[in-house]
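Protein chains get the first letters and strands the later ones, always in sequence-line order, with residue 1 at the start of each.
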Number of protein chains: 2
Amino acid sequence: MANIKDIAAMAGVSIATVSRALRQPGLVKDKTAAKIEEAIRELDYKPNLVAASLRRQKADAVIIAVPSIHNPFTSSFVEGVENVARENGTKVLLAITESRSDLLDRHYEMIAGKQADGMILLDLIEPSDLARKVAGASPLPIVLACEYQDGKDQPRVRVNDVDAAADAAAHIAGLGHTRIACLSGPSVQRMSRDRQRGFRLGLRRAGLELAEDLIVAGDYSLQSGVESTFALLDRGHPFTAILCENDEMALGAIHALAVRGLRVPQDVSVIGIDNMRFAAFSNPALTTVSLPTTAIGEQAMRLMLDFAIDADGACREIILPHQLIKRESTCPPQA
Amino acid sequence: MANIKDIAAMAGVSIATVSRALRQPGLVKDKTAAKIEEAIRELDYKPNLVAASLRRQKADAVIIAVPSIHNPFTSSFVEGVENVARENGTKVLLAITESRSDLLDRHYEMIAGKQADGMILLDLIEPSDLARKVAGASPLPIVLACEYQDGKDQPRVRVNDVDAAADAAAHIAGLGHTRIACLSGPSVQRMSRDRQRGFRLGLRRAGLELAEDLIVAGDYSLQSGVESTFALLDRGHPFTAILCENDEMALGAIHALAVRGLRVPQDVSVIGIDNMRFAAFSNPALTTVSLPTTAIGEQAMRLMLDFAIDADGACREIILPHQLIKRESTCPPQA
DNA sequence: TTGTAGGCGTTATCAG
DNA sequence: CTGATAACGCCTACAA
């Protein structure tokens, strides 16, 4: 494969000139540039980015680490990151971690190894390097999105999960429901704990309590929404609404209720959180709290870029707004 | 940041020994290795992968290029690729192209630029380098998945879309339907043309024809499934079943039919292709043709690895089997 | 078992 | 405006 030396030889100039022609076209004479361009075409020359990277100490690439790609939230988030990265000529590399430390660490090596300039993390785990970082040390080029650890000086962008969940609960309470069930997520995740707290908060504001016997723990999957709902129905305790910690479980709940011959929303109201793409098209369409997923990705990437310019000066936390979306899956309880 | 030289100095050995200790541990004395390990820990040394890459002419990474990540098919496919890559210590980098040549080419540069060893392409477009490749030239390190151009000597793995669609059509015909509608995809995509052909083939085998006035073109999205179905109903031509070129549009169709007060499957049967994750949980659960999405990813990655070993010897085409999955969205037409 | 040294392909500095 | 040259950090014959 042709390299810069071959081009220089063919164009009759030095390699320095070729390099300049490529990176700072203004600095070379038009005629020289033309000869170089000709040689490049002739030899089908492609710059070796690895060599450039080694010399410049910069890869023009960032890694997004996500636990799973089977997740509409992930998709929109990545889309947001791409939007901003693209304008900036930065490549975005997606890494899937399955929330396994070894996989995340393997990708984090790419940063230590200079193959990428930074990492945007949408996960509940973190690279072990970040974990053992001592307070006060200069922050790593990592932007946290949504899942976050307290007390780390990393830039982060997130929504207020407590408020979002509280809004969902308030909507249900406002419709007049009192026997209210809940499909929760894995409580190891901060997000799940926050949403759980939000549900309680929203209910309490209306003078209600979340009944412990109406809470079922799932894992945020469609499947677990179905199973949890069956479990709930089998307990035999009556309820007229289900607060779901995410849309996917809510969709599972709607499916399970239909299987058992219950009508949504007349018999049971269902509400989710996320406003994932499918939520508008379920039968019935899902009432939910919309999260600015794409905007989160965009802000995360901006934070990453700011961070590259000035690691200490970059903003440390951005919180984006959510919004209740009323559709067909909720209504007042029918006496 | 500490480099190999620092380690060598601290451990009192040469850099060659350090490098060996890292790459071929068998070749250094235990005691020396221990000193080196100690120094590595002490200085928190991380090998510079870019430098190694430059020297070894290998990046231990492959790129998967996909048009969109908003797509359950993509997710499972990527999962398959990861499964195999992981065993092999290869990093998988996902690139999203939106089927735009400029974006795909930007990522293809990473191969020419040695930042990645190859590319697995799940897209209908191809890098311009591949497009202008002359027949007979040695094949590029690119594995094609599903979408493919005829007459290119690239390794590829795919399903038989014609057969898959024919099976769906045969199922519908077998139930006794005769007025059969169809939601098609963008005919620029080979996959869409193949599935369309398959529908016709399956119907003809049963002595039926696809009525032109009952075909609506969509773009494979949920949204377009909804809209196309409304359009179909508004035409006023009666039908008792809809063949959908993919599950996502099928789910949209089910939603639209429900909105118009039609029952699935009693009034209209609906069948899709893909067996995406949500298909089992819609109301009613979707009858569809299951495609071995994850297996496609696994095979694609294997092909990539084989290709790295022997570009000319590697297998050129793998075709994987599909299977009809009967669920709740189809039944005989009700007189 | 270890050390020496050349080179991977660029970029950037400094003269000219 | 252009050229010579020293890095960038690592790997790998080859020699010892």
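When heavy atoms are screened at a 4.0 angstrom cut-off, T32(A) is found touching the sugar-phosphate backbone but no base atom. V13(B) comes within contact range of the sugar-phosphate backbone alone, with a heavy-atom separation under 4.0 Å but no base atom that close. Backbone-only engagement by A52(B) is indicated by non-hydrogen atom pairs under 4.0 Å involving sugar-phosphate atoms exclusively.
Shortest non-hydrogen contact noted between G297(B) and V81(B) is O-CG2, 3.4 Å. Shown here for A65(A) and T97(A), the closest heavy-atom pair between the two residues is CB-CG2, 4.0 Å. Considering every non-hydrogen atom in both S53(B) and V50(A), the closest pair reads CB-CG1, 3.9 Å.
For the segment residues 5-12 of chain A, no residue has any heavy atom less than 4.0 angstrom from an atom of DNA chain D. Listed in residue order, the members of residues 17-31 of chain B having a heavy atom less than 4.0 Å from DNA chain D are S19(B), R23(B). A heavy atom closer than 4.0 Å to some atom of DNA chain D occurs in Y45(B), P47(B), N48(B), these being the qualifying members of residues 37-49 of chain B.
A salt bridge links D194(A) with R190(A): at least one charged nitrogen is closer than 4.0 Å to a carboxylate oxygen.
The nearest whole Å value for the distance from the CD1 atom in I15(B) to the C1' atom in dC11(D) is 9 Å. The NZ atom of K35(A) sits 14 Å away from the P atom of dC1(D) (whole-angstrom rounding). Rounded to a whole Å, the NZ atom of K58(B) is 19 Å from the C1' atom of dG9(D). Atom C1' of nucleotide dC8(D) and atom CD of Q115(A) are separated by 15 Å, given to the nearest angstrom. What separates CG of L54(A) from P of dA6(D) is a distance of 17 Å, to the nearest Å.
Side-chain contact between R316(B) and L303(B) is absent, with no heavy atoms from C-beta onward closer than 4.5 Å. In this structure, the side chains of R56(B) and K114(B) stay at 4.5 Å or more apart for every pair of heavy atoms.
Between E98(A) atom CD and E82(B) atom CD the span is 7.0 Å, to the nearest 0.5 Å. Put simply, CZ on F77(A) and CD1 on I120(A) are 5.5 Å apart, with the number rounded to the nearest 0.5 Å. In this structure, CD1 in I64(A) is found 10.0 Å from CE in M119(A), a value given to the nearest 0.5 Å. Note that OH of Y220(A) is 3.5 Å distant from CE of M191(A), once rounded to the nearest 0.5 Å. Note that CD1 of I7(B) and CZ of R41(B) are 11.0 Å apart. Values are rounded to the nearest 0.5 Å.
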Practice item. Test M301(B) against L305(B) for side-chain contact (heavy atoms from CB on, under 4.5 Å), laying out the working first. Key: CA-CA 6 Å; M301(B) 187 64 208; L305(B) 293 171; 3.8 Å; yes
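With the end axes of the helix from dT1(C)-dA16(D) to dG16(C)-dC1(D) each set by five pairs, the angle from one to the other reads 30° at 10° resolution.
Among residue pairs with one or both ends in residues 12-36 of chain A, none qualify as salt bridge (Lys or Arg N to Asp or Glu O under 4.0 Å); sequence neighbours excluded.
Using modelled atom types, one side-chain atom of N3(B) and one backbone atom of D6(B) make a donor-acceptor pair closer than 3.5 Å.
Checked by atom type, the side-chain pair D123(B)/S99(B) shows a donor-acceptor distance below 3.5 Å. D105(B) and S128(B) share a donor-acceptor pair across their side chains, judged by distance under 3.5 Å alone.
Taking every nucleotide of DNA chain C with any atom under 4.0 Å from a non-hydrogen atom of chain B, the first and last of them, 5' to 3', are dT1(C) to dG9(C).
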